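Treat the numbers as computed from the prediction; the structure is a model and nothing was measured.
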Amino acid sequence: WAAFQERHRLSCEEAARLLLDAYEYRGLVKHMGGCHCGAVRFEVWASADLHVFNCNCSICTKKQNRHFIVPASRFKLLKGADNLTTYTFNTHRAQHTFCKTCGVQSFYTPRSNPDGYGIAPHCLDDGTVQTIVTEDINGKEWEKAVKEHKTIREMSKP
């Protein structure tokens with residue numbers, strides 16, 4: 001244990017956190033990401049093989065908001081909370097957060113999963129994503145699409 005800590009230059013607390021993360025998130029990869037200007041940075045634990053939604057609702061179409069969904073427990077905002085602003089409309093359940101400086105939305109709280117996050121895969125740093133499978137979602141008929149989708153509401157459950 002001491003040799004591991006020394007080799008990786010970790011404090012006891014950092015090594016313990018690494019061990020806990022490896023146990024809790026086994027089979028997942030820690031992705032790092034953020035906005036264009038770097039004011040907002042986050043980490044997210046997800047598969048290296050991403051299942052990305054391509055929604056055709058009005059806002060997703062305008063923003064080209066392709067995203068994958070994770071539970072809130074697998075997302076950590078590292079910096080930039082004070083540099084985020086939020087836009088809502090219609091039911092106001094979706095929280096469209098974006099950087100005040102560069103305008104990039106790297107993550108948001110989706111209406112389908114208000115207890116999780118929708119992460120923009122194009123805002124992840126290079127090197128941790130192996131594959132991306134994209135699924136079209138008919139957000140123009142949101143209620144029907146979510147009702148018919150067998151797993152989307154469960155994607156934010158740990």
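Counting all heavy atoms, side chain and backbone alike, Phe42 lies closest to Gly34 at CE2-N, 3.4 Å. Across all their heavy atoms, Pro121 and Leu50 have their closest contact at CB-CD1, 4.0 Å. The two residues Cys102 and Cys35 have their closest heavy-atom pair at SG-CB, 3.6 Å. Between His31 and Ser47, the closest heavy-atom pair is NE2-O, 3.0 Å. Nearest heavy-atom pair, Ala94 versus His96, reported as atom, atom and distance to 0.1 Å: CB-NE2, 3.5 Å. Of all non-hydrogen atoms in Ala46 and Phe68, the two that sit nearest each other are CB-CE1, 3.8 Å.
In terms of modelled atom types and a separation under 3.5 Å, the side chain of Asn113 and the main chain of Arg153 share a donor-acceptor contact. Side chain of His36 to main chain of Cys99: no donor-acceptor pair is present (N/O by atom type, distance under 3.5 Å, no hydrogens or angles). The backbone N or O of Gly38 sits less than 3.5 Å from a side-chain atom of Lys79, completing a donor-acceptor pair. Under a 3.5 Å cut-off, the side chain of Asn56 and the backbone N or O of Gly139 do form a donor-acceptor pair. A side-chain donor-acceptor contact under 3.5 Å links Thr97 to the backbone of Phe107. A donor-acceptor pair is defined here as one N or O able to donate and one able to accept, closer than 3.5 Å; no such pair exists between the side chain of Gln130 and the backbone of Gly127. With hydrogens and angles ignored, the 3.5 Å screen pairs a side-chain donor or acceptor of Arg41 with a backbone N or O of Gly33.
Once rounded to the nearest 0.5 Å, the distance linking NE2 of His92 with OG1 of Thr86 reads 13.0 Å. Residue Asn83 holds its CG atom at 6.0 Å from SG of Cys37, rounded to the nearest 0.5 Å. Glu141 CD to Lys147 NZ: the interatomic distance, rounded to the nearest 0.5 Å, is 13.0 Å.
There is no path of hydrophobic side-chain contacts, each under 4.5 Å, that joins Ile119 to Ile152. With hydrophobic clusters built from ILVMFWY side chains whose heavy atoms lie under 4.5 angstrom apart, Leu124 does not share a cluster with Leu78. Ile69 and Trp142 fall within a single hydrophobic cluster, where Ile, Leu, Val, Met, Phe, Trp and Tyr are joined by side-chain heavy atoms under 4.5 Å apart, directly or via other members. Linking Ile, Leu, Val, Met, Phe, Trp and Tyr whenever their side-chain heavy atoms come within less than 4.5 Å puts Tyr117 and Leu84 in one cluster.
The closest side-chain heavy-atom distance from Asn90 to Arg111 is below 4.5 Å. You'll find the side chain of Val40 reaches within 4.5 Å of the side chain of Leu77, heavy atoms only. Tyr108 is listed as a side-chain neighbour of Asn65, based on a closest heavy-atom distance under 4.5 Å. Taking the side chain as every heavy atom from C-beta outward, Arg74 and Leu28 approach each other to under 4.5 Å.
Close placement of the Phe53 and His149 rings is indicated, their centers lying within 6.0 Å of each other.
A cation-pi contact, defined as under 6.0 Å to the ring centre and within 45° of the axis, is absent between Lys63 and Phe98.
Of the listed residues (His67, Glu135, Arg66), just one forms a side-chain contact (heavy atoms from CB on, under 4.5 Å) with Asn54, and that residue is Arg66.
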Output, in order, the C-alpha distance, side-chain angles, deciding distance and verdict of side-chain contact (heavy atoms from CB on, under 4.5 Å) for Ser156 and Val70. CA-CA 5 Å; Ser156 60; Val70 297; over 6 Å; no

Derivation and outcome, salt bridge (charged side-chain N to carboxylate O under 4.0 Å, His left out), residues Lys100 and Asp82: CA-CA 9 Å; Lys100 291 178 187 177; Asp82 58 335; over 6 Å; no

Let me see the working for Lys30 and Glu43 under salt bridge (charged side-chain N to carboxylate O under 4.0 Å, His left out), right down to the final yes or no. CA-CA 7 Å; Lys30 181 165 73 170; Glu43 69 181 36; 3.7 Å; yes

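Within a 6.0 Å radius of NZ in Lys157, more than 12 heavy atoms belonging to other residues, nucleotides or ligands are found.
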